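Okay, handing you the structure first.
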Amino acid sequence: MTAMQNVSLGAHYAVHLPAPDDFAFWRERARGLLQCDVPPDRVSWIEPGGTGDLFASEGPSRSEKRLPAPPADAPPVRASKRFLDLARRAAQHSDPARFGLLYRVLWRLQRQPRLMEDKADPEVRRIEELAKAVRRDAHKMHAFVRFREVAEEDGTPHFIAWFEPDHHIVRAEAGFFMRRFANMRWSILTPRGSIHWDGEAMREGPPARRSDASAGDPVEDLWRSYYAAIFNPARLKVSAMLSEMPRKYWKNLPEAELIPQLIAGAQAREAAMVKAGAREERARPATLVEIAQGIAACRDCPIADCGTRAVAGEGATGAALMIVGEQPGDREDVAARPFVGPAGQLLDEHLQAAGIDRSAAYVTNAVKHFKFAWKGKHRVHQSPTAKEIDTCRWWLESERALVRPRLVLALGTSAARGLLGRTVSVTRERGRAIPLDDGTELWVTVHPSYLLRLDGAARDAQAALFAADLAAVRERLREV
Amino acid sequence: MAQQTLRQKLEILADAAKYDASCASSGTARKNSLGGKGVGSTEGMGICHAYAPDGRCISLLKILLTNHCIFDCHYCINRKSSNVARARFTPQEVVDLTLSFYRRNYIEGLFLSSGIVKSANHTMDQLVEVARILREEHDFRGYIHLKTIPEADAEIIHQAGLYADRVSINVELPTDSGLTRLAPDKNARQIEGAMGRTKARIIEAKDERKRFRNAPRFAPAGQSTQMIVGADDANDTAIIGRASTLYTAFGLRRVYYSAFSPIPDASAVLPLKRPPLLREHRLYQSDWLMRFYGFAPQEVAQAAEADGNLPLDIDPKLAWALKFREHFPVDVNRAPKEMLLRVPGLGTKAVARILAVRRHRRLRLDDVARLTASIAKVRPFVCTIDWRPTLLTDRADLRGLLTPKSEQLELF
């Protein structure tokens, strides 16, 4: 008995699949048809709900009956593992032509066993594309299913999700969710069927509607907060987001409702951030007078709002030595001149002793306004914060650019931070030159007010160290 | 100050964590919750559960335990001298958040980092405690990435690796001088020491698992690091060189680049000109060239322009091909795999397909077109049995022909 004996010449066959993702059924029918040598153009594959084939006889039962029985001695049908892997995936695609395509390639495989390796073959390529689209859809399902927690009557939580896949992937992907949420009770409802897991067994259900899924879960608010906070408005890249999270998914993602407002607000948020720190963009002042006017009008940090006046530096451009203190004190604020209070007087004594001419130097402060707290009737000095010093640094750098000193002497930690941009330890750094960015030498010592706070032997010892630092600066000034 | 709600803390501490680039959840040991008491699975492939409008994926709950910090690193929004709102989670709060997000399928797991409070050891202890509660009390089998603090004791970091899938230590800046200037409290040698110890532990644990099936895993997804691009003056060549040293010396899975972006309340020391985001992209492309395309670091550096930076208008592979035109055109029917990988426009998958087809027949240009995304990009650099780019590679304006046209953004 030959294969053709069971096949009527020129007949068309219609195979009605019981489910759109029933690969096993297709495989069995395809095997039988191949063994009877039925060529691909004589077979139609019809999904449930799909339209029938004009050339084939109507009705599932009759056409099923008409399928030929393969002869006993028919050769076995062969397919490479690669084909099986791809076909299993591609069969889940929603393209109605997929089963016909698979049968055509299976037919060709019998004659060209290594067909699947020819990746440039249009039909092989098409199967790969279908499989890829299904894999992507499955991956997006893993990613975008969003459960909502509902309390069942017995009090146990039930997690329910509504999802709309593009392809027939729901049954195939049930295992992923089972392995991940093995000890939860959950359901995934889709227009292509539902799956339910109770912690022990998987159950399949009919297609569902969106209204079957519960609405609202308070945790979604927390999730939306997280989504908004993790977004960096300074790096808006909408197209990158859309390519991975196309709009069709948005309606089922609780966080997606925030996207339009996040995008709309992003540019304003970034502009505000840049503006808050954007002093690089401002033109540097051209003269010391401009700096004096600028600092008087500056409101970049809260110290400026204390009702004090800005104290500008004193000295001429071109001074060889620049002396930087911390900030004006009570007396300096009144006089509007740097280093005129008790610490200033002590500094003057030491400079004189060391043989440094203050009037030839440029004297200024790291912070231009007096920061204080009221203690009774007195204004008591408050240290500026690192942030405030860093903010005022722009002015100090502008001064340095205009004065162009050969050597800078920083008195105390705040002054050193103003010049270096980082906090250093005075005791560790004193007595030697630290190169600044442009090569200018920075020397660091204590602030004279530190000496004022000491008594007795400690004060004498520190005063000697201070004097030694000044003497070293004087020596170095002669060299540079 | 009024008590912060959980939501306020989440907003502050997620906002503070967003400058960490890594969100990978891939490449760890396979595990699932069947037969366990809790939730969670990792199946090799990472999953991005959402994308923010900055184009970055959201795979993990990426938060800080606290953004209080005793360090003063200029590029960091959480530095001591920054004026941002501060908050602090308890380990239990982080655990509860992670689990309630995980159960709703919002995330793959947790990426936990922290500002340094009290001391490095105290902070690291708290991070490890979160991972311990998740793994031991809730039998959580999802992904955990812990940022480790190089200043902490080796013993605590070891604990972190036992609970976490991945551990990471940020090198922060590509040059030592940049680190000294911008992160005065950090030390490059200390960071490298910690990465070296982690590498040794990972190798040790892998070796033990070969001999004893139940030996504990140690950071099965390996370690990674992050570098900030554009905060100091290191050029791309320096960055690529540094990255390749890190890959070889410490067996890193990934080096992440983070283009320095303006932060609220920025330190005045930083450059405010931000680097183009495209620079970060070009660095990642060069990273790929080294990891998957057989380029040596110095070859990638050859693609750079005179200032040591990669061109921004074209990708580094195309830049290399345009500079070394003597290697082209490549015959797709004969060339070895290494040369096919150098053809601009041919990715690793396209090359694998070409090699497979080649065993059966010789390729025409149409065949190549079916195997690649864009034949226009490939055409000037290949020959097939029916195509030869006569003189095309000699054209002086070839670069102009291949540079993507800039396009105006549309209103969204």
Side-chain angles (χ1 to χ4, degrees), chain A residues 114 117-120 122 125 139 142-149 159 161 179-184 217 219 221-223 225-227 229-232 234-238 240-241 244-245 253 255 259 262-263 266 270 273-274 276-281 385-387 390-391 393-394 421-423, chain B residues 6-7 10-11 14-15 17-18 32-34 36-41 47-55 57-58 61-62 72 74 80-83 97 100-101 103-106 181 184 261-269 271-274 277 353 356-357 359-361 363 367 370-371 412:
Chain A
R114 302 180 71 183
E117 288 171 36
D118 187 354
K119 315 250 174 216
R125 200 72 200 105
H139 189 69
H142 298 170
F144 296 149
V145 157
R146 295 281 185 269
F147 286 112
R148 284 172 167 162
E149 186 177 345
F159 291 85
R179 292 189 294 277
R180 173 157 291 198
F181 303 112
N183 302 297
M184 268 164 46
D217 182 337
V219 176
D221 278 338
L222 273 178
W223 172 242
S225 300
Y226 174 70
Y227 182 79
I230 203 74
F231 161 56
N232 183 352
R235 333 177 20 125
L236 197 60
K237 271 197 205 162
V238 177
M241 169 187 67
E244 295 298 338
M245 198 167 83
L253 296 171
E255 65 273 21
I259 293 173
L262 288 177
I263 294 173
E270 187 194 0
M273 279 187 240
V274 173
R279 289 186 318 167
E280 300 292 291
E281 316 293 313
T385 64
K387 171 71 187 164
D390 290 347
T391 306
R393 185 164 185 252
W394 190 80
R422 62 190 158 93
T423 302
Chain B
L6 185 68
R7 184 168 163 180
L10 177 65
E11 277 164 7
D15 190 87
K18 71 180 163 207
N32 63 54
S33 51
L34 291 172
K37 298 196 302 288
V39 289
S41 64
I47 300 174
C48 299
H49 285 271
Y51 288 81
D54 51 19
C57 95
I58 301 175
L61 170 62
K62 183 158 54 175
D72 200 12
H74 289 288
K80 185 171 57 179
S81 58
S82 167
N83 205 10
L97 260 179
S100 57
F101 280 6
R103 287 196 187 108
R104 286 163 180 79
N105 202 38
Y106 299 160
R181 197 166 69 86
S261 67
I263 51 173
D265 203 41
S267 160
V269 181
L272 270 154
K273 268 176 282 166
R274 71 173 207 198
L277 286 183
R353 289 193 197 119
V357 177
R359 282 183 218 120
H360 300 279
R361 57 197 178 84
L363 286 108
D367 295 323
R370 269 195 291 275
L371 299 175
F412 183 75

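Lettering follows sequence order; numbering is per chain, from 1. All values derive from a computational prediction rather than experimental measurement.
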Contact origin within L61(B) toward chain A - heavy atom pairs under 4.5 Å: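 Contact with chain A: backbone and side chain both.
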Shortest non-hydrogen contact between L222(A) and L10(B), atoms and distance: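 Heavy-atom minimum between the residues: O-CD2, 3.4 Å.
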Is the backbone of R125(A) close enough, under 3.5 Å, to the side chain of R370(B) for a donor and an acceptor to pair up by distance?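 Side chain of R370(B) to backbone of R125(A), a donor-acceptor pair under 3.5 Å: no, none is there.
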Choice from H139(A), E255(A), K119(A) maximising heavy atom contacts with chain B below 4.5 Å: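 Result: the option with the highest number of such pairs is K119(A).
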Ignoring hydrogens, what is the shortest heavy-atom contact between K62(B) and I230(A)? Give both atom names and the distance.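 Closest heavy-atom pair between K62(B) and I230(A): O-CD1, 3.6 Å.
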At what distance, to the nearest 0.5 angstrom, does SG of C48(B) lie from CD of E244(A)?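 With rounding to 0.5 Å, SG (C48(B)) is 7.0 Å from CD (E244(A)).
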Where does Y226(A) contact chain B at under 4.5 Å (heavy atoms): side chain, backbone, both or neither?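 For Y226(A), heavy atoms of backbone and side chain both lie under 4.5 Å from chain B.
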Closer than 3.5 angstrom, by distance alone: can the side chain of S33(B) be matched with the main-chain N or O of A182(A) as a donor-acceptor pair?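 Answer holds: yes.
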Taking it one step at a time, do V219(A) and R103(B) satisfy side chain to side chain contact (heavy atoms under 4.5 Å, CB included)? CA-CA 11 Å; V219(A) 176; R103(B) 287 196 187 108; over 6 Å; no
As an exercise: rank E149(A), R148(A), M245(A) by heavy-atom pairs under 4.5 Å with chain B and give me the winner.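 Greatest number of close heavy-atom pairs with chain B: M245(A).
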Using 30° and 60° as the class boundaries, would you call the ring planes of W223(A) and F101(B) parallel, tilted or perpendicular?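 Perpendicular.
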Does the side chain of S225(A) pick up a donor-acceptor pair with the side chain of R7(B) at under 3.5 Å?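 Yes, a side-chain donor-acceptor pair sits under 3.5 Å.
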Under 4.5 Å from a heavy atom of chain B, the part of E117(A) involved: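 Its backbone and side chain both get close to chain B.
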Donor-acceptor pair, distance only, cut-off 3.5 Å: does the side chain of N105(B) make one with the backbone of F144(A)?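 No, the answer is negative, given that no donor and acceptor are paired below the 3.5 Å cut-off.
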Part of L236(A) within contact of chain B (heavy atom distance under 4.5 Å):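 Contact with chain B is through both the backbone and side chain of L236(A).
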Taking all non-hydrogen atoms of both residues into account, name the closest pair between H142(A) and I47(B) and its distance.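 Smallest heavy-atom distance, with atoms named: CB-CD1, 3.8 Å.
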For the candidates R361(B), K80(B), R359(B), which exhibits the highest count of non-hydrogen atom pairs separated by less than 4.5 Å from chain A?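 Highest number of heavy-atom pairs under 4.5 Å: R361(B).
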For A50(B) against Y227(A), the heavy-atom pair lying closest together: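 Closest heavy-atom pair between A50(B) and Y227(A): CB-CE1, 4.3 Å.
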For V238(A), does its backbone N or O pair with a side-chain atom of Y51(B) as donor and acceptor, under 3.5 Å?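 Here the side-chain-to-backbone pair does not exist.
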Contact origin within D72(B) toward chain A - heavy atom pairs under 4.5 Å: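 Contact with chain A: side chain only.
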Between P53(B), S41(B), G55(B), A356(B), who has the most heavy-atom pairs with chain A when the cutoff is under 4.5 Å?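 Winner by heavy-atom pair count: P53(B).
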Selection from R104(B), K18(B), R353(B) maximising heavy-atom pairs under 4.5 Å formed with chain A: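 Ranked by contacts with chain A, first place is R104(B).
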N232(A) backbone acceptor or donor facing D54(B) side chain under 3.5 Å: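 Side chain of D54(B) to backbone of N232(A): a pair is present.
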